[in-house]
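This is a predicted model, so every value here is computed, not measured.
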Amino acid sequence: MNVRSLVCVGLLCIPYFLRAQETKLIQYVKPLIGTARMGHTFPGATVPFGAVQLSPDTDTLSYAINGQYNGDVYKYCAGYQYGDPTIVGFSHTHFSGTGHSDLGDILVMPTQGKVQLNPGTADKAQEGYRSPYSHANERAEPNYYSVLLDKHQIKAELTTTTRVGIHRYTFPQADASHLVVDLTAGIYNYDGKNVWTVVKVLNDSTLVGYRQTNGWSRTRTVYFAIKTSKPFKNYGAKYEDGKSVYNGFWRKFDQQHNFPDLAAHNIKLHLDFDTKAQESIQMKVALSPVSMKNALSNMEAEAPNWDFEGYVRKGQLAWEKELHKIEVDMLNKEDLVNFYTAMYHASLMPTIYMDQNGEYKGLDQEIHQAKGFTNYTSFSLWDTFRAFHPLLNLINPSRNSDIVASMMAHYDQSVLKMLPIWSHYANDNWCMSGYHSVSVIVDAILKGVYKGDPEAALRACVQTANTRNYEGIGAYIDKGYVPDDVSGTSVSNTLEYAYDDWCIAQLAKKLGKEDIYQTFSKRAESWRALYDPTIGFMRPKNSQGKFKEQFDVLDTHGQGFIEGNSWNYSLYVPHQPKEMMDLMGGKKKLETYLDSLFTMELPDKYFEHTEDITRDGIIGNYVHGNEPSHHVAYLYNMTQNPWKAQERLRQIIRNQYHNGHAGLGGNDDCGQMSAWYLFTALGFYPVAPGEDAYWIGSPLVKSANVNLESGKRISITARNQSEKNVYVKSVTWNGKVLENLKLSYASLMDGGELVFEMTDKPKRGKS
């Protein structure tokens, strides 16, 4: 049933809002989309932006083999690959859609028979605690996951609150049933990643502890509390630390059997039970960034009882509220599934990173109290500044305000005095290029979303942009570009810094800081320094100002770019697209360039050894599976034939998003791929966050209501919408024709009616 389907009697129709509220939108969410190949999503249970992501892990490959990077580990950034035949266990922390990883904390696995503390391998599951399973016996929906573990016929069910994972395992009859708790397991794991692990058994059903790791996040500590619904009759532990030159005098105790005070680098536990046939044992695992005591308090506050179904319902109600922020009617059920799964994926991260009492661990590794905001972590900013944060500004501005406040707290706690680059769990992992927290902060301030001190925010942006010892910024300031001999991603860095600097200039202008405005307006022009007019592309240049001689515009590696080639990156001037077009030679040249980009063939050799992209994410030479090109199709709006943008956008949305397990053409990257889909399906897109403009495209919805926090509504109608009618004959906002194919944020937030007249014939410009 379509969301907006209804029975009308004469002219009296049931109000749309009530109809939508009666429709359960979670039925259209398929968490298994993106769990195969490149999507890197996880299928397990979580609530919107929850601190716990309780999900199955299907393998535990090491990050390195014989000291060398193991490329196969890349498949397991989210811990789960749909094609795997076994499940290793269920861990409590996961990234969604990333291209690098960490986490996978506190892995739990139910077993029977002889205690096995080694996971085994997929081809020899009987030699470890892992189990084969069938997708026929697997169920994944928002805040609920279940699967039958074939090895011992144990049914596993998972649900969550914000900070607590709740497990329910239904066992066959046995006098030797176990819950294995593997505190050595992790995603992107390797020998030595565990810095220290502590477990204290408080009684026959309660444990507390913590684990500190050194990985993508250099100093990450996760505190936990565990309770079981049934007392365990015995418990045991195994240390896997190898030989140490010093063992102390703890050796006086037998620490392997029923010993309550455990500490080592690597600990594995087993909790032992007698079970009757079809007996269910529940386990609650609460997390805290601060302390074991806070983990227990989080559990008591959020999950005080053993009402498993109640926790499922409460979490699913939270998902319904999140999904109902946009209510759509689509051409078919498959589109509804894609839309609401994208809504789901765009509501997983960033994650709440503070306890019920407001405490959290800061970047300085000290304990802080979040006052007046909710603290968040996991900011994949190179990806999410493009569409994800602008989406929050539209449908979830109070949350994005808290995210900006979290970024400002990060800056205040930073001894380097830098805003986050890619931060998680009280650390910055410094991944990717640019300083795109600047974009998120500026966009939120200019749109009136962030209510904090704009002067302090500007100072933080300027300080970050002037950190000379980071990623070639010093040379960028001195020379007006990042030289190729200073950084291997010199062109990417230059283009992204230029955009971020433009954002800083816009904030400075608003605040009347003329000197800062002039400085950063000049820096925003830095992209010009790397445009080579002899070839018509961006090209690396060394410190002496000479362009790189051996240069391939189709290659990514060694050419000055990150996750993109010159064909795609040469269009990355979102803040000055007209100036870019003029430099390229005008409207006709840009149109020809775009036509070629989408239609040429990119030979396999240019991506066959690249782990972050496959042909799945490529159309011609346009790379949708990586983010730098996400605005590109909209650039047709500047040419004589904007209909080509409409044609390409419908092509992309049909080609890159499907209902299948491999339904995403690339990493979802913390919701960015999904946010692109949502904007494009609605018919407009933020080409340059920081600019008060959304560029019109080609909607996929038949109609939509965007329900704003203020209580106002954006009503979208696509008249004559069909699979063939991809072109926009006309578009109006509140009855007025949008001649420039742009909408302002301010007008959208006032609410109104956006109407597209769709047709199967392109509206051609003058040749």
Next item on the list: Could you tell me whether the side chain of N740 and the main chain of K742 form a donor-acceptor pair under 3.5 Å?
Entry: yes
Check: With no hydrogens and no angle check, do the side chains of S380 and D383 hold a donor and an acceptor under 3.5 Å apart?
Finding: yes
Checklist line | Six-ring centre of Y636, K644 cation under 6.0 angstrom, axis tolerance 45° | finding: no
Item checked: Residues D500 and S439: side-chain donor-acceptor under 3.5 angstrom -> no
Notebook entry, point to check: When rounded to the nearest 0.5 angstrom, what is the spacing between CG in L571 and CG in L495?
Noted result: 10.5 Å
Item checked: Parallel, tilted or perpendicular: ring planes of F684 versus F679, cut at 30 and 60 degrees -> perpendicular
Notebook entry, point to check: Pick from H389, H630, R386, H345: which one makes a side-chain hydrogen bond (donor to acceptor under 3.5 Å, both in side chains) with Q672?
Noted result: H630
Notebook entry, point to check: Is it true that the side chains of S433 and E496 contain a donor and an acceptor less than 3.5 Å apart?
Noted result: yes
Margin query: Between Q316 and Y144, is there a side-chain donor-acceptor contact under 3.5 Å, judged purely by atom types and distance?
Written below: no
Margin query: Hydrogens and angles aside, do N143 and T159 bring a side-chain donor and acceptor to less than 3.5 Å of each other?
Written below: yes
Check: Looking only at side chains, do T351 and Y376 share a donor and an acceptor under 3.5 Å apart?
Finding: no
Item checked: Distance-only polar pair, side chains of N667 and D612, donor-acceptor under 3.5 Å -> no
